[in-house]
Amino acid sequence: MPTKSWRSGEAQEQLNCLDRSGFAVEFLRRNPAYRIDCEQTQRLIAQGKIDEETGQAELARRWGLSFRLEPGHSCKH
């Protein structure tokens, strides 16, 4: 679901059909602070300053995520 059109009728219908975790993902990915943190984490991984597993684990800890991010997770949606 594109971030820019979340107020459209179609997007609202899609949001209404989500389970709890799906809604949480949609809510979180629209959070500007999370998006910045995620992008910074991905940049550090790409630069080799932190390894992917550590970077994703720290991101999950900072945001209280209780699931592992998929390898190659991208913050761009």
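Atoms considered below: every heavy atom in the structure, side chains included; atoms not considered: hydrogens, waters and symmetry mates.
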Next item on the list: Report the distance from atom CG of L59 to atom CD1 of I45, rounding to the nearest 0.5 Å.
Entry: 8.0 Å
Checklist line | Electrostatic pair E39:R43 at N-O distance under 4.0 angstrom | finding: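 Between R43 and E39 there is no salt bridge, as every charged N stays at least 4.0 Å from the carboxylate O atoms.
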Notebook entry, point to check: Is the backbone N or O of D37 less than 3.5 Å from a side-chain atom of T41, with the two atoms forming a donor-acceptor pair by type?
Noted result: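 Side chain of T41 to backbone of D37, a donor-acceptor pair under 3.5 Å: yes, one is there.
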Check: Considering only heavy atoms from C-beta outward, does the side chain of L28 approach that of L65 to under 4.5 Å?
Finding: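 Yes, side chains in contact.
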Check: Taking side chain as C-beta onward, heavy atoms only, is L44 less than 4.5 Å from Q47?
Finding: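 L44 vs Q47: side chains touch.
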Next item on the list: Measure across Q56 and Q42 and return the closest heavy-atom pair with its distance rounded to 0.1 Å.
Entry: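 The pair with the smallest heavy-atom distance is NE2-NE2, 4.3 Å.
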